[in-house]
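Report on the following structure.
All values below come from the heavy atoms of this structure, side chains included, with hydrogens, waters and symmetry mates left out. Reminder, nothing fancy here: chain letters follow the sequence lines and each chain counts from 1. Small disclaimer: the values here were computed from a predicted structure and weren't measured.
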Amino acid sequence: MDPRLDVISEEGEDQDFSRDPVPVLNPAAERRGRTFQRFSVSTNDSLRFEPCEDSSPSPTGAEDGHDEDDVFRRGGAETELLSIRTRLQDKVSEMENFAGHLEEIFLTVEENFGRQEQNLEQHYNEVLQTLSQRYDERAGGLEEEKKGKLEALYAQLLLCGRALDRSKDLIEAAQEVRRAPDPRLFLKTVVPIMKRMEDFSREEVDFSLSTSEEFNTPLADLSDVKTMMDSINVVPAPSAPVINPQTPNSATQTSLRVFWSLFSDDTVEFYELYYRPVLEDSPVDGTSTPVSKVKVKETHCRVTDLLPNAQYELWVTATNTTGISPASEKALYVTVPSPPVMKQRESSSCPEAARIRWESGNTNPVDSYTVELRETGSDGTETGTTECMVGVPTCQCVIQLQAGLQYLVSVRAVNIGGASDRSDVITVSTTGTFFHLLEDTAHPCLSISEDSFTIFYGDEELPISAMALDDSTFTRCVAVLGDLIPVRGRHYWEVEVDEDTEFRVGVAYEDTERDSYLGTNRTSWCMRHIRTPSRHKYEFLHNGWSPDLRITVHPVRIGLALDYERGTLSFFNVELQQHLHTFHCHMHTYVHPCFSLDNPGALSVHVGMEAPRHAFM
Amino acid sequence: MALTQVSANKCAGGFQKVFEHDSTELKCKMKFAIYLPPKAETDKCPVMYWLSGLTCTEQNFITKAGSQLAAAEHGIIIVAPDTSPRGCNIEGEDESWDFGTGAGFYVDATQDPWNSNYRMYTYITEELPKLINANFPTDLDKMSICGHSMGGHGALICALRNPGKYKAVSAFAPICNPIQCPWGQKAFSGYLGPDKSTWEAYDATVLAASYSGPQLDILIDQGRDDQFLSAGQLLPDNLIGACSDKKIPVVFRLQPGYDHSYFFIYSFINDHLKHHAKYLNA
């Protein structure tokens, strides 16, 4: 029987009302009947839910012990499921990596085994060959001896034979002489024959064997074979170690932690780790880069004094009394990059977002950047958690933020070796809109203050050589653009001028014509102030046209309110909160604040203040 | 003071109503139009007084100016009184369209036979606000004034003579310097007599030159093709000059192609209501 049904029928016994079957996560608690189900997200008692309508409501609504709300349960189970799934996914990729590494090890073991086998064959072959050689030698020697002995004996035999023949001849001659009838002839020849026989008998006949019957068997000198045999038992030189791929997060900017292992039973006295930097422009054979060497006893090593964000080629050999192993495969390790350098001046913000820019901080490219931000309280203390945006591909990013807060932002550079140290922190405030001036766009006659918020048009003539050749500078209108964040929301900033400053302030597209005056083209909208001896004149220019307006009190502080959604750009006298004019312009792309001085004077830009209520009415 | 409702029409989510009452200042029955925005059903609302021009009644503005949508959006009550006492049977009151009936000039007349009924200045600045505040859900502090032509003149002088009473002021093609133009000279000599020094109290340009009080923020729209502008009846430059000297903030907009009609008012009434709302809803 389904255990769940058991529980439900039990609870049916405890209470009077029937309920729909509900997936029960904690049957034990249910059976107790009065316990409260605690969810994995810590909810407090007030989130308890009433049972369904057909039950009698309990007096406090609190103690009925059945706060199973289907939705919550499912929610709890779903998050559990999600986390299990993530864990499993991680495990799967771990195992895949491990499988890959195992394959490598497998291959190396095969190789090592092959080598060992070869060694063994060679060794024993040598021994066998030597022995066979000796045998041949000895056998040969014996053969020679035998031959010698036989020849000697044969020679002796011949001698004996001859001697025998001679004796026989003599005896025959003597016989013949005895038979000779003529006694005088007998006497004549008997004497020499007798002499010959006497001589002959006086001859010593050597009856000893010229050679012995025994063979000479000297002791065999097999000492070299013995050493060969012994050396089979001697420890061979080690086989190649296996160098591990780089472990994530084991590297720093200037050091690498290298691990390797030995997949055989070799004895090793020490290892030597070799490494050299892999340079972009080094020749393929790499002979020109110098190789460094470290001697270690363990199977790991921390190599230091390296360059950041650099690739290194490493390999390792093992050495024992017998000799040095072959080199391991070459592994490529990468050091962690240097931290990026934040560019505060090129960062801008508005109530909904911020655009942060930085320099890589590394000469070679890195894989990606991680941007970290955390909220701070107004006194600079950090509150809240750190949020990370990973995988940022370029040296800038636009982050969504909440209005009216302060954030601390920093960036790390990331490559396969890991993440760099944190860059310096910059502060971003989401009160109002904040931007700097784009100094690259400034007309050569315009100088910008240190803090980048005041511009001056001096009346000295600039030499022709100072005239810019840059495409982005203004060449006629003494103007400069501001670096407004490209976010289609509401932006507000203020401009402060003197009584007599002749200026143009407004907005323009980034590609507004640099050789024409602000407001005289379709790509810019501005308020223009002209000072005549008798009065002030104002124009609100776009495409060369302006409405006809009179303003009686000269504004020295002008508020500009840009609303992308409504397509409006409004101008205000800040002190009086007086609305001066509104352009209704549909901006098809992002615009930049623009500022210009028509006569020598100065103008200050104020940013980062909350827009007054009337600015976007 | 009893009010009799003359008409009521639902408009832009609120109600455009017309009432009649017995005026003590003007000693006759007077009608006024009042627009109550949707917000007035639940909350007190600020009030904008609209003063119409020569020959108008309480009807012209509410039927031609198209103000109700913006008034509803900003939650503003608009009160549009008539332009002079009616039915007083004063001899000569109907002789001209620019003097007498429909041409009260928002002054308190001192000359016979006008002085007992033609007291539009006090009616607008005293009696009418009291009446409105007693009978409608108004925010007592938040009052502003606006008008066209003669009504523009009226709005300007009420604001300049009562520093701090009106939170905002604006005008369409106002008569800025009546003592210098034919209209003004005819009306003032009739209502106020020959002594021109008595006229100055009703001249915006003169009043501006001696204004002292809380900061004003005046919005004036003027049609460039307005026949009365070219006829020298309106004289805005004089007012602008005086305000520039006295540093009274004015934004004066010369609108090309526009004339003196209600089509002109209709075209820019939203800007004016937004201008008033900025101060009334602050």
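Panel note: side chain A/Arg613, backbone B/Lys278; a donor-acceptor pair is recorded below 3.5 Å. Within the 3.5 Å criterion, the main-chain N or O of B/Ile248 finds a donor-acceptor partner in the side chain of A/Thr552.
Smallest separation of non-hydrogen atoms from A/Arg566 and B/Lys274: NH1-NZ, 4.4 Å. When all heavy atoms of B/Pro249 and A/Leu576 are compared, the closest pair comes out as CG-CD1, 3.3 Å. Taking both residues in full, the closest heavy atoms of B/Val251 and A/Gln578 are given as CG2-NE2, 3.4 Å, listed atom of the first, atom of the second, then distance.
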Practice problem: Take B/His275 and A/His579 through the test side chain to side chain contact (heavy atoms under 4.5 Å, CB included) and record every step on the way to the result. | Solution: CA-CA 8 Å; B/His275 171 78; A/His579 169 260; 5.8 Å; no
Practice problem: Start with the C-alpha gap between B/Ile220 and A/Arg550, add the side-chain angles, then the distance that decides, and say whether side chain to side chain contact (heavy atoms under 4.5 Å, CB included) holds. | Solution: CA-CA 10 Å; B/Ile220 300 175; A/Arg550 301 283 295 276; over 6 Å; no
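We find the CD-CG distance between B/Gln255 and A/Leu549 to be 8.0 Å, quoted to the nearest 0.5 Å. Going from atom CG of B/Asn281 over to atom NE2 of A/His614 covers 14.0 Å, rounded to the nearest 0.5 Å.
The environment of CD in A/Glu499 is crowded: more than 12 heavy-atom neighbours from other residues, nucleotides or ligands sit within 6.0 Å. Around the NZ atom of A/Lys537, the shell of radius 6.0 Å holds no more than 12 heavy atoms that belong to other residues, nucleotides or ligands. The environment of CD in B/Gln185 is crowded: more than 12 heavy-atom neighbours from other residues, nucleotides or ligands sit within 6.0 Å. By the 6.0 Å contact criterion, CD on B/Gln215 is enclosed, its count of non-hydrogen atoms from other residues, nucleotides or ligands being greater than 12.
For B/His74, the part lying near chain A is the side chain, with the backbone staying farther off; criterion is any non-hydrogen pair under 4.5 Å.
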